[in-house]
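Notes follow once the structure below has been shown.
In the text below, chain A, chain B and the rest are named by the order of the sequence lines, each starting its count at 1.
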Amino acid sequence: MEPREITLAPVGEGFLFNLNRKKVAGFTDNLNALLILRRIKMSEKENYEESKLFRLRHSAAHVMAQAVLEKFPEGKVAIGPPIEDGFYYDFDLPRPLTPEDLDEIEVRMREIIKNNSEFVREEVSAEEAREIFEDQPYKLELIEGLEAGEVDEHGDPVDEKPVITIYKSDEFVDLCRGPHLENTGKIHPKAVKLMNVAGAYWRGDEHNPMLQRIYGTAWLSPKDLKQYLWRLEEAKKRDHRKLGRELDLYSVSDEVGSGLVLWHPNGAMIRFLAERFWEDEHLNHGYDFVYTPHIGKAQLWKTSGHLDFYAENMYAPIEIEDQQYYLKPMNCPFHIEIYKSDIRSYRDLPMRYAEKGTVYRYERSGVMHGLMRVRGFTQDDAHHFCTPRQMPEEIDFVLDFSLNILRSFGFNEIEAYLSTRPEKAVGEPERWRDAEAALEASLKRAELPYEVDEGGGAFYGPKIDLKIKDALGREWQLSTIQFDFNNPERFDMTYIEEDGQPYRPYMVHRALMGSVERFFGILIEHYGGAFPVWLSPVQAVIIPIADRHVEYAENVAAELRSADIRIEVDDRSDRMNAKIRDAEKQKIPFMLVVGDREMAENAVDIRRRSGERLGAMAVDMFKDLVLQEVADKAAG
RNA sequence: GCCGAUGUAGCUCAAAGGUAGAGCAAUCGCCUUGUAAGUGAUAGGUUAUGGGUUCGAUUCCCAUCAUCGGCUCCA
C-alpha cells in the first residue's frame, strides 16, 4: 500500500482545511492511515480492552466468522475486532449478503455457542501461520505486516516485532492477538444479535477491494442487549431527519439539489432566535460584524492556497468577463482582505471580525446526511487578529466566550482537545510554543477537562476543539479555536508597533456552532424536538373548548403576543382532546385551555407538554412565567 | 466516489405482468366538547426519472437521480 503523499509545505490557510491528523500521522510514520490515533480517550479505551465485554465481543466475532465460512467455504476473511457496542467482521464473499443470510448466520452462531468449545491460544512462527492461512490472502497480508513488525492484525502500529498468535475455537482458527473468553459457551446466545451488512474497504483504503462487513452487537446478558436496542430506538425517535419532517423544520428537495437545505418557517424561527442570541453576545463582547460575498476571484484562492490544496472540495469556477470566480468554501480570505484594507496599528488590535458566512463545498455523493453533512452551510465564523502581547488574553477571552454560548444552548458537558505542533509545520517555533502555552493556560483557567493530542495540530497552527455531550451521551465536536501561522504570511498581514515598524499579527479562526445547519441538527436531537421555551417556534397554543370561547382566546393571544410571546389559537372545531394531542405532537411547550370557567376569571388553564398541569392562572401570571423561562433559557 | 438496500397519495405503509389500496393528514358537513385521537362524506397517484423487453410495464431488465446503512472523506 502506498503511503499517502501529502506535502506539508506551506499549504493554504488552516482552519477547516482537509489535512487531518490521521493523514499527517500516516505520512510521518510512514504507516497506512488506518485506525491510527483514534480519538478514543486512552483511559476509556484501555478499560474497555481489558473488559470481559471486549473479550466477549471479540469471541462473538470469531463465532460469526466460523458461521459465515461454513456457509461460504470459499469466502475470505479479513479482520473482526470489537467496537463500541459490538463487533464486526469483514469478508470477501462470492455474493452480496441478504438479511436472510444474516438470520441464518445468527442461528448457526447460537449452535456454535452451545458447542461450548474452548478458545485455545497458540503461538506460531510466521511460516506456520502462512501455512495455516494459505488460502486466506488477507491474513497472509497481515502476517507479512506482523513479521515486518509494522502493524498488527487490526492495522494498529506496533512498537516491536510481535509474537504471532492464533486462536482456535470449535472448527475455526483465526490469526488473532486475543484475548478471548475461555469458551464459546460464555457467550449468552440470546445476548448476541447481527445488525446489518455494509461495505468496507480492506484496511479502510478506498483503493483496496470492497469487502462485506457484518456488524453485530453482543452483551453480557439479554437484558443488556434489550437495553441497547431500546437505546437505538430512542435515538431513532430523536433523529433530526424524522423530527425535521414531523415538526416541519426543514427539507431537502431533489429539485434544488442534494445537500442544500431549505429552512421552513419553524426551523427558520429557531435559527433566527439562535442567531439573534449569537449576535447579541458578539456585539456585547467586542466583535465587529462583517459581510462578505459568496464568490471571489481565482487569484484570491490562489493566494490563500485553496486552489492548490482544497480544490477538490470546491465547485467549478464561474467565468465572468474572462475572469474566473469561485464559490467560497471558507470565509477567511475575505476577512483578511478587510483587515488589509487599511494600515493597522497595535492600537487597533485586537480586532474581531464575525460573520455567519455561507460556504459551499463539494461533498462526494454518498456522504450527505440530513443536516449533519451538506454541501451548502453557514459557518458562525470569526477571526481574531492580535499582537503577541495580547494573545494569551485573547485566547482566554475566546474560550470563555465559546463556553458561555455552548452552555446557553443546554450543552453542559463539554470537553476539550488541545492539538499541538506536528513534525511538519509552518510558523516560527516560538510562536507555536507561545500559542500552545496560551491555549493550555486558558483551558486550565476555565477548569475544563481536556486532553492533549501531541503532534495532532494542523501544520498551520495549534488548536482547541470543544466537544459536547448530548442528552443521549453522544459526543459532537462543535467549536474550534484555531491558530493560523500560514495565512498572515501568505497575505503578508501586518500591523504597526510602537516602534513604527510592521509586525506580523497573530490570527485565530474560531467557530462556535461550526456549521449552523449541523448545529441545528444536533440541537434537534439533543432536545428530541422539545426545544426550550426561548427557542420554540411556537411557545404556547390556546385551546378553546367550544366555539364560544374562541373570541376570548383571541384576546388572550393578542395580549400575550404584545409581550413577544409566540402564541397561536387552535380554533378548529375539534374536541379539546384532539387539540391537546396535536399540540403534544408538535412539542409546543404550553397549552392554554380556555372554557367558561377561565373566561369568567380572565384566566387560562395551563398544561405543559410534559403533561404537568399548572392549573388556572391569571393571564398576567402566565406571561411572567413564560418570560422568566425565556430569560433563563430554561429547558422544558 | 465505493458496497448493499430502498424509491407507490402530504406522512407511514399494502398490493400487483392487464393503468393501485389502507390508516393518519387535507377539504366539506354534523357534534360544541374540560387535559393525548368524536363522527360522516369528499378529494387526493403518468407507482422517482429516462430507456428496454412485452400484445400490454407501475410490476421484469438497464441507466440516471435521490434516500437509507456503512466505507472513504468531513463542519
Minimum-distance nucleotide (side-chain atoms of [X] versus [options]):
| X | options | answer |
| --- | --- | --- |
| A:Asp596 | B:C71, B:A36, B:G34 | B:G34 |
| A:Pro96 | B:G34, B:G4, B:A75 | B:G4 |
| A:Phe377 | B:A36, B:A75, B:U32 | B:A75 |
| A:Arg575 | B:G10, B:U33, B:A66 | B:U33 |
| A:Ile580 | B:G69, B:U67, B:U35 | B:U35 |
| A:Arg613 | B:U35, B:U33, B:C3 | B:U35 |
| A:Ala200 | B:U33, B:G69, B:C71 | B:C71 |

Indicate, with a heavy-atom threshold strictly under 4.0 Å, whether A:Gln212 touches base, sugar-phosphate, or nothing.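 Result for A:Gln212 = nothing.
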
Pick base, sugar-phosphate or nothing for A:Asp547, based on heavy-atom distances below 4.0 Å to the nucleic acid. base

Counting just side-chain N and O atoms, does A:His369 come under 4.0 Å of either OP1 or OP2 of B:G69?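 Answer is yes, contact under 4.0 Å.
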
A:Tyr215 side chain N/O closer than 4.0 Å to the phosphate oxygens (OP1, OP2) of B:C71?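 Indeed, a polar side-chain atom of A:Tyr215 lies that close.
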
When the nearest nucleotide of RNA chain B is assigned to A:Arg373 and to A:Ser573 on a heavy-atom basis, which residue is associated with the more 5' position?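 Its nearest nucleotide being more 5', the pick is A:Ser573.
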
Residue whose closest nucleotide on RNA chain B lies nearer the 5' end, A:Tyr201 versus A:Gly257: A:Tyr201

Please list residues of residues 598-606 of chain A whose heavy atoms come under 4.0 Å from any atom in RNA chain B, ordered by number; otherwise none. A:Glu598, A:Asp605

Gap in Å between the two P atoms, one belonging to B:C55 and one to B:U47, rounded: 22 Å

